[in-house]
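To keep things clear, I will list the structure first and then write my remarks on it.
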2 protein chains.
Amino acid sequence: MSGPTGDDLVEMLAALANPIRLRIVATLAGRRDYVSQLARELGVSRPLLHMHLRRLEAAGLITGRLELSEDGKAMKYYEVTDFDLHLTASAIAEAAQTLTMPDPGKGPAPKEST
Amino acid sequence: MSGPTGDDLVEMLAALANPIRLRIVATLAGRRDYVSQLARELGVSRPLLHMHLRRLEAAGLITGRLELSEDGKAMKYYEVTDFDLHLTASAIAEAAQTLTMPDPGKGPAPKEST
DNA sequence: TTCATGTGTCATCTTTTTCTTACACGTGAA
DNA sequence: TTCACGTGTAAGAAAAAGATGACACATGAA
């Protein structure tokens, strides 16, 4: 077993929980592509696509590398990593054990007396 | 196959992409629980928990029903549904085909012909 | 009645995410 | 030089999500 940590899982789920990013992964699942071409295919601006690509790459779902084309242009090609997430209640229960908690002071439960 | 639609998938992923909601599912994976008790265990306020529970239930990941306790109190018990999401690039590629995009009248994908 | 338990919602504020616009740099070709 | 194509980033608006506090209602027990 030993899936991703709770924090990593949240990051991966957040990266996938978006229509555009889902379409990016879907497109790259077929073939690798470079940024400008991908932006044209998906119909989104390059700055926007750039942001989504960073989010997906940060989550480890895609990887990109800069290559030089024949005519000397710098092209950044992205492709999907072969991730495999199996989500069930028990798998989530296991991952949740490694969740980093926000530390709002150390007080146990916010006692209410009203 | 026939997994969830693209939109449903986005909703499920968005529902799980949150530390609190992940802990809710993790807790309910062990045993069903009612709102106030769950709020105490997780250390969150009831209005906040209520919001998160609604999001999870809307995504079909948990279900709640109102029951009457021995002493006449109305308790809302939640439990997890037995969902099973298998996330790979190809599975996402399939689901992405049924994504509804808020595309303002952009008929065919502009096949760029540079 | 008052207190403690349970349920829920509303208005508001803060934070994060999403998206656009504008700019910068580099190369090859006309 | 200018144009077309590629890369990237920064600032700010717009939208969505997260979180809080105050409120309302019902029940059983002291």
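Just so you know, these numbers use all the heavy atoms, side chains as well, and skip hydrogens, waters and symmetry mates. Labels below follow one simple rule: chain letters A, B, ... track the order of the sequence lines, proteins then strands, and each chain is numbered from 1.
In this model, the phosphate group of D:dC5 is not approached by any side-chain N or O of A:Ser36 to a distance below 4.0 Å at OP1 or OP2. Residue A:His52 has a polar side-chain atom (N or O) positioned under 4.0 Å from OP1 or OP2 of C:dC19. The side chain of A:His50 contributes no N or O atom lying less than 4.0 Å from OP1 or OP2 of D:dT7. Regarding contacts with the backbone of D:dT7, every side-chain N or O of A:Arg46 stays at 4.0 angstrom or more from both OP1 and OP2. Look at A:Arg21 and you'll find a side-chain N or O under 4.0 angstrom from OP1 or OP2 of C:dT18. A close approach under 4.0 Å does occur between a side-chain nitrogen or oxygen of A:Tyr34 and OP1 or OP2 of D:dG6. Taking 4.0 angstrom as the limit, A:Lys76 places a side-chain polar atom (N or O) nearer than this to OP1 or OP2 of D:dG8. The side chain of A:Arg54 contributes no N or O atom lying less than 4.0 Å from OP1 or OP2 of D:dG8. Considering only side-chain N and O atoms, A:Asn18 lies nowhere under 4.0 angstrom from the phosphate OP1 or OP2 of C:dT17.
A:Arg32 contributes no side-chain N or O that, together with a main-chain N or O of A:Tyr77, makes up a donor-acceptor pair within less than 3.5 Å.
The number of heavy atoms from other shown groups lying within 6.0 Å of CG (B:Asp71) is above 12.
The list of ring pair (Phe, Tyr, Trp, His ring centres under 6.0 Å) pairs with a residue in residues 79-100 of chain B, not counting sequence neighbours, reads A:His86-B:His86.
The side chain of A:Val35 lies closest to D:dG8 when the candidates are C:dG6, D:dG8, C:dG8. The side chain of A:Pro47 lies closest to D:dT9, out of D:dT20, D:dT9, D:dG6.
The CZ atom of A:Arg65 sits 18 Å away from the C1' atom of D:dG6 (whole-angstrom rounding).
The two residues B:Ala29 and A:Ala93 come nearest to each other via the heavy atoms CB-CB, 4.2 Å.
Where pairing requires Watson-Crick or G-U contacts shorter than 3.5 Å, the helical stems of DNA chain C with at least three consecutive pairs are C:1-30 with D:1-30.
Comparing A:Ala17 and A:Asp71 by the nucleotide of DNA chain C whose heavy atom lies nearest to each, the residue mapping closer to the 5' end is A:Ala17.
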